[in-house]
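The block underneath contains the structure these notes are about, expressed in structure tokens.
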Amino acid sequence: MPDLWSARPTPYAAVDLDVLETNIARMAASATTRGLSLRPHVKTHKCLEIARRQVAAGATGITVATVAEAEVFVEAGFPDLFIAYPVWVDAARGARLRALAGRAALLIGVDSVEGARMLARHAGHDTVDVLVEVDSGHHRTGVAPARAGQLAAAATDAGLHVRGVFTFPGHSYSPGQAEVAAGDEAAALRTAADAVRAIGLEPDVVSGGSTPSASSTDGDVLTEMRPGVYVFNDAQQVELGSCSPAQVALTAYATVVSRRANRIVLDAGSKVLGADRPTWTTGFGRLPDHLDAVVVAMSEHHATVTFPAGVLTPELGELVRIMPNHVCTLVNLADELVVVRQGRAVERWAVAARGANT
Ligand SMILES: Cc1ncc(COP(=O)(O)O)c(C=O)c1O
């Protein structure tokens, strides 16, 4: 561990710049090869410096989850944003959207006639353009693909400009399902785009994408992809096989505070790492430098890690890196990220959209 960090209180989040830049370049190249525009989801990092690097590498715009995230990134000068969420636009949110109009091109998701009417009433007709959300198998938000035309027609009647369709193939987050989800995504978006054509609109945006399914995203059907987690990767992506441990750019640094036989306890818990624990993961995170260890329990300030019998465990007081299961929830809890280049801390980046969840 670099000396200059020994005085820094743990736990803290650190980004390996070389790994981050390689991840950004690899996804940009992968999108280009398939003729897809790349519109990365910036909820993963909430950092201006990282979004600027993604745009410099060829991203055509950015994706956000909330109006508040849009406000942060428009304020910083990002010109082209998609709020990939069926935002319920009341008078207050409508006013906030109108305040962004003219400063950036804005797209927003709709998945109901009522939502489209609220958007038109409170944000106006020219503030944002619309993508109809369809369900491709994740069963969260989105209408059935064949109903995309009906919803596009209702949104048009409400005075909105419908640019196309989108989906999130979130069922890629299950072992062995990435290719299946990408296939479902392409089938759903093809049906949805045809349904929109059938009412006389030509969709110029057909948007999908998730990190696990990214390498299988269909460039013949989709026009753009919106992966987010790929910039950092995390323990889930390692266990799904989307990346190797060496491709994980963000880890939390924690101190060993307790040590018994083959078990250690680290001073990073759910208040730092987030508490996501899908049933199929091996534990509450992974240690990139000890891949045989299992994070068997987590509480607010403790991560309990066990090692195979006979393996030498880290000493009391030692710094240990831990990859969270889901990196977006870690970032959402952090004020800043320590940026590391070849083992040396070189800068700090503010999590600019920290708390921008409305
Ligand atoms: C609507 C939407 N688009 C894109 C993404 C990015 O996918 P991933 O987190 O797998 O990178 C997400 C992630 O939750 C999402 O909800």
Side-chain angles (χ1 to χ4, degrees), residues 20 23-24 26-28 30-31 36-47 50-51 54 59-67 69-70 73 81-87 107-111 115 130-143 164-175 177-182 184-185 188-189 192 205-217 222-243 247-250 274 276 278 281 323-332 353 357:
L20 177 87
N23 290 348
I24 289 173
R26 186 183 301 115
M27 189 61 80
S30 162
L36 286 160
S37 302
L38 178 61
R39 187 186 277 280
H41 208 315
V42 302
K43 76 180 169 71
T44 297
H45 54 72
K46 292 176 174 271
C47 274
I50 298 179
Q54 290 173 310
T60 50
I62 60 171
T63 302
V64 296
T66 65
V67 175
E69 284 183 347
F73 283 91
L81 295 88
F82 172 30
I83 308 174
Y85 196 89
V87 180
L107 271 172
I108 197 163
V110 291
D111 92 333
V130 164
L131 297 188
V132 169
E133 181 171 9
V134 298
D135 180 4
S136 54
H138 185 37
H139 307 322
R140 189 175 63 179
T141 44
V143 297
V165 291
F166 83 104
T167 194
F168 172 58
H171 50 314
S172 61
Y173 279 83
S174 200
Q177 291 305 298
E179 277 184 38
V180 175
D184 292 345
E185 168 185 64
L189 288 174
V205 181
V206 178
S207 175
S210 71
T211 295
S213 61
S215 60
S216 306
T217 305
L222 281 74
T223 63
E224 78 170 20
M225 62 197 287
R226 311 181 311 273
V229 169
Y230 77 95
V231 275
F232 293 143
N233 289 314
D234 54 24
Q236 279 190 104
Q237 303 298 338
V238 170
E239 296 197 346
L240 287 169
S242 329
C243 70
Q247 291 171 318
V248 175
L250 188 148
D276 282 27
T281 53
M323 345 185 228
N325 272 340
H326 187 188
V327 73
C328 305
T329 56
L330 179 153
V331 169
N332 186 51
N357 295 323

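Here the structure is a predicted model, which is why all the values come from computation and not from measurement. Counting starts at 1 for both ligands and their atoms, in listed order.
- Any N or O atom pair closer than 3.5 Å counts here, and Thr44 shares no such pair with ligand 1.
- When each of Val231, Thr63, Ile62, Leu81 is checked for a side chain to side chain contact (heavy atoms under 4.5 Å, CB included) with Val42, only Ile62 meets the rule.
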| said: Is there a side-chain hydrogen bond (donor to acceptor under 3.5 Å, both in side chains) between Thr141 and Glu133? Walk through the geometry before answering. | reply: CA-CA 7 Å; Thr141 44; Glu133 181 171 9; 2.8 Å; yes

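- Atom 7 (O) of ligand 1 has its closest protein heavy atom at Phe168 CE1, 3.4 Å.
- Of the listed options Lys43, His41, Arg39, Lys43 places a heavy atom closest to atom 13 (C) of ligand 1.
- Put simply, the side chain of Asn233 never gets that close to the backbone of Val248: no donor and acceptor are under 3.5 Å apart.
- Residue Ser210 approaches ligand 1 through these ligand atoms, each under 4.0 Å from one of its heavy atoms: 7 (O), 10 (O).
- Residue Ser213 places every heavy atom at 4.0 Å or more from ligand 1.
- Side chain of Ser213 to backbone of Ala181: no donor-acceptor contact under 3.5 angstrom is found.
- Residue-to-ligand polar distances place Gly228 within reach of ligand 1: an N/O pair is separated by less than 3.5 Å.
- The residue among Gln237, Glu133, Arg226 with a heavy atom at the shortest distance from atom 6 (C) of ligand 1 is Arg226.
- Comment: Glu69 does not engage Lys43 in a salt bridge, judged by the lack of any side-chain N to carboxylate O separation of less than 4.0 angstrom.
- Considering all non-hydrogen atoms of both residues, Ser210 and Phe168 come closest at CB-CE1, 3.5 Å.
- No N or O atom of Pro227 sits closer than 3.5 Å to an N or O atom of ligand 1.
- Judged purely by atom type and a 3.5 angstrom limit, Thr167 has no side-chain atom pairing as donor or acceptor with the backbone of Gly208.
- Here the protein heavy atom with the shortest distance to atom 16 (O) of ligand 1 is Arg140 NH2, 3.0 Å.
- The distance from ligand 1 to the heavy atoms of Pro212 drops below 4.0 Å at these ligand atoms: 10 (O).
- Of the residues listed (His138, His326, Gln237), the one engaging Tyr173 in a side-chain hydrogen bond (donor to acceptor under 3.5 Å, both in side chains) is Gln237, and it is the only one.
- Ranking the protein heavy atoms by distance from atom 10 (O) of ligand 1 puts Tyr173 OH, 2.6 Å first.
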